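Worksheet: the structure to be examined is printed underneath.
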Amino acid sequence: MVKTLSRANYPDLPFYPERMIQFGEGNFMRAFVEWQLQQMNKQGLFKGSTVLIKPRNQGMGPRLDQQDYLYTVLINGIMQQQLVNDREIITSVSRLINPYTQYDDFLRLAENDELEFITSNTTEAGIAYDPDDRLDNGPQKSFPGKLTALLYRRFELGKKGFTIIPCELIDRNGEKLKEIVCCFAHEWNLGESFLKWLDEDNIFCCSLVDRIVPGYPHDKATELEQELGYEDKYMVMAEPFLLWVIEGPEWLKERLPLAKAGLNVRVTQDMTPYRERKVHLLNGPHTAMVPLGLLAGLETVEEVMTDPSFSRFVNLLIENELIPMLDLASEELRSYASAVQERFNNPSIRHELTSIFLNSISKFKTRLLPVMQRYHQEKGQWPELMTLSFAALLLSYRGDRLQRQDSPEVLAIFDEAWSDQGTVAQSILSNSNLWGEDLTQLPGLVESLEANLRQLEVVGSRAALEHRIGVM
Ligand SMILES: NC(=O)c1ccc[n+]([C@@H]2O[C@H](COP(=O)([O-])OP(=O)(O)OC[C@H]3O[C@@H](n4cnc5c(N)ncnc54)[C@H](O)[C@@H]3O)[C@@H](O)[C@H]2O)c1
Ligand SMILES: O=P(O)(O)OC[C@@H](O)[C@@H](O)[C@H](O)[C@H](O)CO
């Protein structure tokens with residue numbers, strides 16, 4: 001019988017005062033931001049904890065209170081050819097507030113002068129405006145609504161503002177969040193002086209996060225608990241690689257000394273190149289490998305990378321179709337691409353293709369389609385591998401494919417298109433709601449996709465892929 005993870009069982013673990021508020025209590029943030037606070041705390045550089053806010057009134061969420069807000073982060077993988085296998089009890093979470101049952105506690109955070117940072121990860125869906133949110137019927141439904149209420153309380157108390165660093169994977173996340181907060185400030189008639197305070201006393205930083213966090217290690221939890229010597233329902237597995245790019249002022253390096261603690265964190269004036277590099281060279285190959293891999297019966301990124309044909313596909317995709325289309329120094333791109341391949345090869349992490357497959361249409365649109373179009377403009381032809389993957393994606397969204405997971409609207413568009421097999425590519429590409437434009441206007445794309453679809457259906461994903469990598 002293993003013991004539970006609690007402060008009573010581990011009385012020597014340190015406590016830190018609250019210096020940060022975080023909207024979202026998901027796996028990613030617990031293995032990313034909280035893990036980094038822990039690294040700073042161990043070196044005496046931050047000496048602070050974060051208070052987590054449950055952003056939605058849905059499900060129980062992690063009952064971290066049952067473990068006194070302690071949990072384990074397991075870092076596993078290969079980094080610069082070195083095997084990393086670290087385990088650490090994280091002590092940088094002070095408590096979790098559920099604003100749906102503890103709204104007063106939530107607003108009371110505004111009174112604490114030691115709180116100076118706010119972070120968030122509420123998924124891509126979280127930074128959204130909800131017209132039904134009001135100041136006086138809290139808790140507001142949306143994350144920006146809750147944040148506006150908290151900021152307004154802080155303003156009313158005459159206190160200094162916050163440094164706000166959202167981590168949602170949407171472009172210009174800090175700007176979008178500020179825009180919605182300002183929108184609520186207008187809608188709720190919070191006054192010009194609040195808007196001025198919002199603008200002058202608070203900083204909304206755009207940021208880009210990068211770390212693969214598959215979450216709770218279901219496949220080896222029992223074995224790990226035996227090894228750790230305690231039961232932990234909220235342990236999180238993550239890879240060793242980490243990058244956090246924050247668009248913010250120079251002084252942030254001192255106030256939040258992440259880089260000083262040896263962490264791969266860049267405070268910069270312009271994060272665009274980092275975003276382009278990550279979205280196209282890491283998320284792009286992920287998005288491209290998934291429909292082909294799933295159609296071939298593969299289940300994980302590791303299976304893709306240990307399969308000679310599929311790993312050659314990934315390599316050629318990066319080398320021939322992605323890197324030449326990106327406007328960054330090629331040395332930097334190559335070194336990032338090589339780190340990405342090392343990360344994809346991580347044998348310790350089970351990264352399910354189905355989890356990457358979720359909402360793949362919008363992912364293909366932002367991560368691969370712009371590069372495909374650039375390639376076509378420059379070379380006058382469609383890139384073989386991305387086009388094959390695009391066709392595999394259309395096939396994977398056919399109604400009989402059980403792994404597809406997307407919004408009901410997107411699935412309905414595909415069901416309608418697949419009702420006539422002869423015009424499926426034409427019908428899907430012409431739908432501007434999916435792509436933001438009518439893709440049938442791009443010369444030769446429909447024909448190319450139709451040919452790829454036919455081949456995928458006749459010979460299957462593996463043979464079609466092997467044919468492509470053989471001819472390149
Ligand atoms: N896991 C990774 O490898 C990884 C890496 C980088 C970025 N991300 C991004 O981080 C996000 C969270 O991933 P995770 O692995 O922590 O997932 P998770 O399911 O563990 O956590 C999701 C969090 O988002 C909140 N949330 C979900 N929908 C919301 C909504 N509509 N409004 C407000 N809050 C909402 C949940 O309450 C929870 O706090 C994802 O969007 C993912 O793209 C994940
Ligand atoms: O998180 P998603 O679902 O938007 O995309 C799937 C993966 O590409 C993604 O999670 C990466 O592993 C992550 O972005 C690495 O930082």
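First listed ligand is number 1; within each ligand, the first listed atom is number 1. Note that the structure is predicted; figures quoted are calculated from it, not measured.
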For this session: For Gly126, take its heavy atoms, then give the atoms of ligand 1 lying under 4.0 Å from any of them.
Result: 32 (N)

Exercise. Any cation-pi pair here, Arg401 with Trp418, using under 6.0 Å and within 45°?
Worked result: no

Problem set entry | Any protein heavy atom nearer than 4.0 Å to atom 19 (O) of ligand 1 | no

Exercise. Phe390 vs Phe364 aromatic rings, parallel, tilted or perpendicular, using cut-offs 30° and 60°?
Worked result: parallel

Seminar exercise, completed: Per-atom filter on ligand 2: closer than 4.0 angstrom to a heavy atom of Ile356 are 6 (C)

For this session: Find out whether Tyr16 and Thr50 are in side-chain contact, i.e. whether some heavy atom of one side chain is under 4.5 Å from a heavy atom of the other.
Result: no

Problem set entry | For atom 1 (O) of ligand 2, closest protein heavy-atom neighbour | Leu169 CD1, 4.4 Å

Problem set entry | Geometric class of the Phe32/Phe28 ring pair [parallel <30°, tilted 30-60°, perpendicular >60°] | parallel

Exercise. Under 4.0 Å from any heavy atom of Leu169, which atoms of ligand 1 are there?
Worked result: 7 (C), 43 (O)

Exercise. In the protein, what heavy atom is nearest to atom 36 (C) of ligand 1, and what distance, to one decimal place, separates them?
Worked result: Arg56 NH2, 3.8 Å

Exercise. What is the nearest protein non-hydrogen atom to atom 2 (P) of ligand 2, stated with its residue, atom name and distance?
Worked result: Lys363 NZ, 3.6 Å

For this session: Decide whether a cation-pi geometry holds between Arg343 and Phe241; the criteria are a distance under 6.0 Å from NZ or CZ to the six-membered ring centre and an angle within 45° of the ring axis.
Result: yes

Problem set entry | Under-4.0 Å salt bridge between Arg95 and Asp105 | no

Exercise. Tyr152 and Phe184: aromatic ring centres closer than 6.0 Å?
Worked result: no

Exercise. Cationic tip of Arg30 within the cone over Tyr234's six-membered ring, i.e. under 6.0 Å and within 45° of the normal?
Worked result: no

Problem set entry | For His351, atoms of ligand 2 separated by under 4.0 Å from a heavy atom | 12 (O)

Exercise. So is Leu358 in contact with ligand 2, going by heavy-atom distances below 4.0 Å?
Worked result: no

Exercise. Does Lys278 reach ligand 1 with a nitrogen or oxygen that is under 3.5 Å from one of the ligand's nitrogen or oxygen atoms?
Worked result: no

For this session: Could you tell me which atoms of ligand 2, counted from 1 in the order shown, lie closer than 4.0 angstrom to a heavy atom of Leu282?
Result: 11 (C), 15 (C)

Exercise. How far is atom 9 (C) of ligand 2 from its nearest protein heavy atom, and which residue and atom is that?
Worked result: Asn283 ND2, 3.6 Å

For this session: Counting heavy atoms only, name the option from Ile170, Asp210, Val209 that's nearest to atom 16 (O) of ligand 2.
Result: Asp210

For this session: For the residue pair Phe23 and Phe143, categorise the inter-ring angle as parallel (less than 30°), tilted (30 to 60°) or perpendicular (more than 60°).
Result: tilted

Exercise. Which of these, Phe32, Phe28, Tyr216, has its nearest heavy atom closest to atom 16 (O) of ligand 1?
Worked result: Phe28

For this session: Check each atom of ligand 2 against the heavy atoms of Ile212 and keep those under 4.0 Å away; list them by number with element.
Result: 12 (O), 15 (C)

For this session: Taking the six-membered ring of Tyr274 (Phe, Tyr or Trp), confirm whether the NZ or CZ of Arg266 is under 6.0 Å from its centre and within 45° of its axis.
Result: no

Exercise. Under 3.5 Å, N or O to N or O, is Val213 touching ligand 1 that way?
Worked result: yes

Exercise. Where does the angle between the aromatic ring planes of Phe117 and Phe46 fall among parallel (under 30°), tilted (30 to 60°) and perpendicular (over 60°)?
Worked result: tilted

Exercise. Would one find an N or O of Met29, backbone or side chain, under 3.5 Å from an N or O of ligand 1?
Worked result: no

For this session: Taking atom 2 (C) of ligand 1 as the reference point, report whether a protein heavy atom occurs under 4.0 Å from it.
Result: yes

Problem set entry | Check ion pair Lys42-Glu88 (N to O, under 4.0 angstrom) | yes

Seminar exercise, completed: Under 4.0 Å between heavy atoms, the region of Asp210 that gets near ligand 1 turns out to be neither

Problem set entry | Winner among Lys278, Glu124, Arg367, His286 once heavy atoms are compared against atom 8 (O) of ligand 2 | His286

Exercise. Which is it for Phe143 and ligand 1 at heavy atoms under 4.0 Å: side chain, backbone, both or neither?
Worked result: neither

